[in-house]
Amino acid sequence: MNPHLLFRLAVDAVLAVCVLFGLWYIALPVGAIALFRFPYFMELTAAGFAYDALFGMNASSGNMSFIAAYAGTLSTAGISLAVAAIKGSVR
Amino acid sequence: MTYLQPRSIPGQRARRIAISVILGAAAIAGGIQWLSPWFFPGVFLSVARPFWQAEFSIRSGAVRPPAQILAENEELKRRLAELETRMASSSAGELIQENTELKAEFGRASTTPKLLAAVLARPPIAPYDELVIDVGKDKGAGSTTLVYAANNVIVGRVRESSAHASKVILFTSPGQTYPVLIGPTHIPATAVGQGGGQYRADVAHGAAVHEGDPVSDSSLSGGALGSVVYVSTDPSSPFDTVFIAPSVNPYQLRWVFLDVRF
């Protein structure tokens, strides 16, 4: 198998474990680095969405604001867009 | 002779396709989330539950030698029997017995034991003062099911349930409220969650509330909720603010009990 694909799968596994056990402070830096390393690294945004599905998404019950309910999705999407802009300007 | 290289049409086309796919997937996910808000939480909970249960089993000592587990079981049984004997012969045991008999006479005896559930994820792993437990709709957990810790201490209610797991919102979560009785004179108040496992309640200025006063559940079971840790008094305000610490640390809960009758 392609070593680059293997490395990307390994990073995806690390992100999945971090989401499962709430280790967002590890997932975000790993994901930010992976965004620079790999093209179209949407796994980070998917991980943020999964984190919200597991622990957030409470906006419908009125207990938390939309931003808090989707904090994972919004933060990872924001990081992805920021890294994409930086990559576009330096490459 | 110079000529311009043709633009990298395949590369730009691939980029447009990739962006279209990403935006399309985001639109589909957003549409599903709008129409069925519990779809994705149910899917991801069913994926995460086996991993959380495995972690819970490991933390609970499931990988210890059987002989060690059996020895611990026997020791716990011996201590339980000793405590039950001591309770039955004490005045507290007589009061509990009388309370149970009185409730039975008035038709309020509980004949349904509470359902035990393991806490798979709790703060700070699960943010927003929530727990994830391994009991779902299959065992009768619903959106009005109350959740208790040991010794009948109420801690929260089920917020949403999938087939085999549920999310419990703690009453200490910001904005959550619960009616309570404060102090030996049972002053009624409403405990408001402050986050971080703490409550706040407002009582009339000059009410006989002091630090250390017990705070109990206002329901018929009358379980403990916590105790008063600080009373803030402002002479210009008609209310005093009472800060309440719960009897149990919700961040250390490993087992909870569900009252699936409601």
Side-chain angles (χ1 to χ4, degrees), chain A residues 8 12-28 31 35 38-81 83-85 87-88 91, chain B residues 11 14-15 17-19 21-23 25-26 29-30 32-56 120-132 143 156-160 162 165 167 169-171 173-177 193 195:
Chain A
R8 185 161 179 163
D12 292 343
V14 169
L15 283 180
V17 169
C18 289
V19 166
L20 275 177
F21 296 104
L23 305 175
W24 59 268
Y25 43 86
I26 296 176
L28 285 181
L35 280 167
F38 303 112
Y40 304 112
F41 190 73
M42 297 309 299
E43 291 93 312
L44 180 63
T45 306
F49 187 75
Y51 184 88
D52 288 332
L54 286 173
F55 305 118
M57 291 188 181
N58 197 14
S60 59
S61 73
N63 187 57
M64 57 173 70
S65 65
F66 177 84
I67 292 177
Y70 293 92
T73 307
L74 294 173
S75 60
T76 52
I79 291 172
S80 298
L81 289 173
V83 170
K87 283 169 76 171
R91 291 183 183 176
Chain B
R15 188 180 175 201
I17 291 173
I19 291 174
V21 168
I22 290 168
L23 290 176
I32 293 174
Q33 181 63 19
W34 178 268
L35 293 171
S36 179
W38 312 127
F39 175 75
F40 284 115
V43 168
F44 284 107
L45 271 176
S46 61
V47 170
R49 195 168 56 89
F51 296 96
W52 287 339
Q53 284 183 328
E55 188 227 2
F56 181 87
L120 301 178
R122 57 185 176 275
I125 291 176
Y128 314 126
D129 276 31
E130 284 188 355
L131 308 175
V132 179
S143 60
R157 63 173 177 83
V158 172
R159 175 167 71 80
E160 61 181 84
S162 63
K167 292 185 189 178
I169 186 151
L170 299 174
F171 288 132
S173 181
Q176 290 294 307
T177 59

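Numbered from 1 within each chain, the chains take letters A, B, ... in sequence-line order.
Other residues, nucleotides and ligands contribute over 12 non-hydrogen atoms within 6.0 Å of the OH atom of A:Tyr40.
With a 4.5 Å cut-off on non-hydrogen atoms, B:Ala18 touches chain A through its side chain but not through its backbone. If you measure heavy-atom distances from B:Ile22 to chain A, the contacts under 4.5 Å come from the side chain alone.
A heavy-atom distance below 4.5 Å is found between the side chains of A:Leu54 and B:Trp52.
For the salt bridge (charged side-chain N to carboxylate O under 4.0 Å, His left out) test, no residue two or more places apart in sequence or in another chain qualifies with B:Arg49.
Between B:Phe44 and A:Ala53, the shortest heavy-atom distance links the atoms CD1-CB, 3.3 Å. Between B:Lys167 and A:Phe55, the shortest heavy-atom distance links the atoms NZ-N, 3.9 Å.
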Sequence neighbours left out, cut at 3.5 Å: what donor-acceptor pairs do the side chains of residues 15-24 of chain A make with other protein atoms?
none

